[in-house]
Amino acid sequence: MTGRDGSTWQPTAYRTHTLGEIAGNGADLVDTDVTVAGYAEAVRGRGAICFLMLRDGTGHLQAFLKKDSMDEDTFTEIQSANRESIIQVTGTVAQKRPSKVKEGEPTPPPEYEIQVSGATILAMAEAPMPMGVTDKVHVKLPTRLDNRHIDLRRSHINAMFQIRSKVLQYGREHLITEGFNEMNSPKIIASASEGGTNLFPIKYFETDAYLSQSPQLYKQLAILGGLERVFEVGPAFRAEEHDTYRHLNEFISFDIEMAFANDDDVMAVQERMIQHIWKSVAENDQNLIDMINEWRAEQEPPLSPVTVEVPTLPFPRVEYSEAIEIIQNAGVNIEWGADIEAQHADMIAAKYPGFYFLPRWPMAMKPFYIYHNADEKGPNGGQLSRGFDLNYGRDEMTSGGQREHRVDVLIQNLENMGLDPADFTFYTDGFRFGAPPHAGWGLGVARLLMVLTGAGNVREVVLFPRDRSRVTP
RNA sequence: GCCCUGAUAGUGUAGUGGUCUAUCAUGAAGCGUUGUCGAUGCUUCGACGCGGAUUCGAAUUCCGCUCGGGGCGCCA
C-alpha cells in the first residue's frame, strides 16, 4: 500500500479504478473490466509472459501480460518499457495464482491482479534513473533532495509527507474547536516585526523591503482588532547562516495568538493541540507509520521503529530556574541568566523525556514584547518573564509567551534593553488605543514532524528545503 | 562568524605509492529459464571533480581551485 485508500476517488479520464481499490477489494471486482494507470515499478519476464508491477498513489497491483492474448507489438512495447514509465492498462480483474508456500506455513490471503488485454505507455521514463525508487542501495540526502520528485516515489518518503498533511489538518482541526480563526499575514514587510534575526532584503518597487521572519506583530494586531483567537500556518524567512539538522532559512511556522490569556493559558492550548495530533495520528494513520517502519527495519543496521505514544497532560513545566539547577547538578558550570543550549537540554531531557515546557525565562533573555510581572523574581533577584519554550528532548519546538500589552511598559522594556523606542513606533503605536492582555506561540512544523516520523533532519520532512546553500529545486 | 570533514560508474561503496587493466552492490544492455514476486542464471556496459607539483610509477602524497557534507552559536 502507499497509504491512501482511494475509496472516495472518482474515476477519471485515465482510470476507472485505483490500484489500491482493486488490491484491497479484489474479491468484489473479479471478472470486472478495468482501466488503471500508474508507474511501472518493475517489469519482469522476457519470454511469452510479462509481469508489470504498477504503482499509483493508492497502492501496488500486478498486471499480467500474455503475448498470445493481446496485440503482439503492444506486448513487446510494455515488456521493454523502462522502470518508472507511466503505463495505462486495460484488462480484467482476476485472483492471482498463489505463491509457493512451504509446508506448515499458513496460506497467505488471496491477492488480485489484472489480466491485460490492452496497454499504453503514457510517458516513457529514461534509464538509468538519477536514483532508484525501489533499489536497496542507500542514497545520500543531497542526491535525494536534488531529485526530490523521484525520492518522493519511495513509499516511506511519500508516507512522511502524507503525515505532514495530516499533522497540519489535525492541528487546524483542534484550534478551530477552541474557537481560533485562521489568518494570513503579509510576508513582504517594511521592517523587522520581531527583534534578533537577520532579514532577507528584497526590492519592493522603488523601496526596500524584507521577507517576514515571523507573523508575530500581525497576529498581535489581529488580536488588538478583536479577532480574539487567531492562528496562522505560513512561511518564515531567516537570513541566518546556520547549517544544522534543525534549521532552515525558510520554514513553516504554526502560530497562534490569543486574547485575554497568559502564558499558562496558551501552553495549555498547545499541549491539547499536540495531544490531539498524536491521538489522531495513532487512530487514523498507523498505516503511514508502518510504511516508515518497514523502511527502518530494512536499514543496515536496522533502525528501531517509530511509535506514536500519545502524550499525557499536562506536559511537565520545568521552570527556567529549575532547569539551570538540573544542569548544574549534572556538573556543568552554568550561571542563572545563561542560555540553555542543546547540550544542556539533553540533561533536562534525561529527567523529562518527551515534551516539556520551559517557562519563566529571565526577562533579560527575552524580547522586549514579552510580558513580566514586576514581583516575579529569580533566586538571585533577576526579573522573570512570562516567556516559555516547548522542547522535545534536546530540540526546541516552540517559543512563546504572554505579550506585553501595557504600552508604557513596552517603551520601558525597549529602553532597558538599550533600544530607542523611536525606532519601534511601528510596533508600539498599535498598543496606544487599548490592548487586551494576550499570549501566543510559534511552533516549528518540521521539528514536530521530526519527532513523529523519526526523521533525523528537518530537510527530510520539508519537500523543497531552503538552506544556506540550497535554493533549488 | 567559528570548527570539523569530504569529492571513485546513474546510485551507494572498497581502495592509504606498483598485477588498479579499480572492488562489491544496485543499475543499464543482451540472451536464457520462469505464473514470477526482494524473481533468477549467464554475458556485456559504465567511474577516480579541475589544474599543477613530487616520483621510474599517483585514485592514493603535496599545493591551488571548484563544488559539497556535518557540527556549534542563534533560533522554530
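Chain naming here is simple, since letters A, B, ... match the order of the sequence lines and numbering starts at 1 in each. Both backbone and side-chain heavy atoms feed into the values below; hydrogens, waters and symmetry mates do not.
Pair assignment for B:rA9 gives none, since no Watson-Crick or G-U wobble pairing has each distance under 3.5 Å. Nucleotide B:rG18 has B:rC56 as its partner under the Watson-Crick or G-U criteria, with both atom distances under 3.5 Å. The base-pairing partner of B:rG1, taking Watson-Crick or G-U wobble contacts with both distances under 3.5 Å, is B:rC72. Judged by Watson-Crick or G-U wobble contacts below 3.5 Å, the nucleotide B:rC65 has B:rG49 as its partner. Pairing for B:rA28 goes to B:rU44, judged as Watson-Crick or G-U wobble with the two contacts each under 3.5 Å.
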task: For each nucleotide in nucleotides 22-30 of chain B, reading 5' to 3', give B when a protein heavy atom comes within less than 4.0 Å of its base, S when such contact involves only the sugar-phosphate, and - otherwise.
output: ---BSSSS-
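Under the 4.0 Å criterion applied to side-chain N and carboxylate O atoms, A:Arg229 and A:Glu257 are not assigned as salt-bridge partners.
To the nearest whole angstrom, the two C1' atoms, one in B:rA22 and one in B:rG17, are 15 Å apart.
The CZ atom of A:Phe254 sits 17 Å away from the P atom of B:rA76 (whole-angstrom rounding).
A cation-pi geometry, defined here as NZ or CZ lying under 6.0 Å from the six-membered ring centre and within 45° of its normal, holds between A:Arg55 and A:Tyr39.
Checking B:rG35, B:rC74, B:rU13 against the side-chain heavy atoms of A:His247 singles out B:rC74 as nearest. Checked against B:rA76, B:rC37, B:rG12, the side chain of A:Lys96 finds its nearest nucleotide in B:rC37.
For the 3.5 Å distance criterion, the side chains of A:Glu41 and A:His60 qualify, holding a donor opposite an acceptor.
Within the 3.5 Å criterion, the main-chain N or O of A:Phe315 finds a donor-acceptor partner in the side chain of A:Arg317.
Within 4.0 Å of A:Leu448, counting heavy atoms only, lies no atom of the nucleic acid at all.
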Between protein and nucleotides 68-71 of chain B, what N or O pairs are separated by less than 3.5 Å?
unit_1 : atom_1 : unit_2   : atom_2 : d
B:rG69 : OP2    : A:Ser469 : OG     : 3.2
B:rG70 : N7     : A:Asp243 : OD2    : 3.3
B:rG71 : OP2    : A:Tyr245 : N      : 3.3
B:rG71 : N7     : A:Asp243 : O      : 3.2

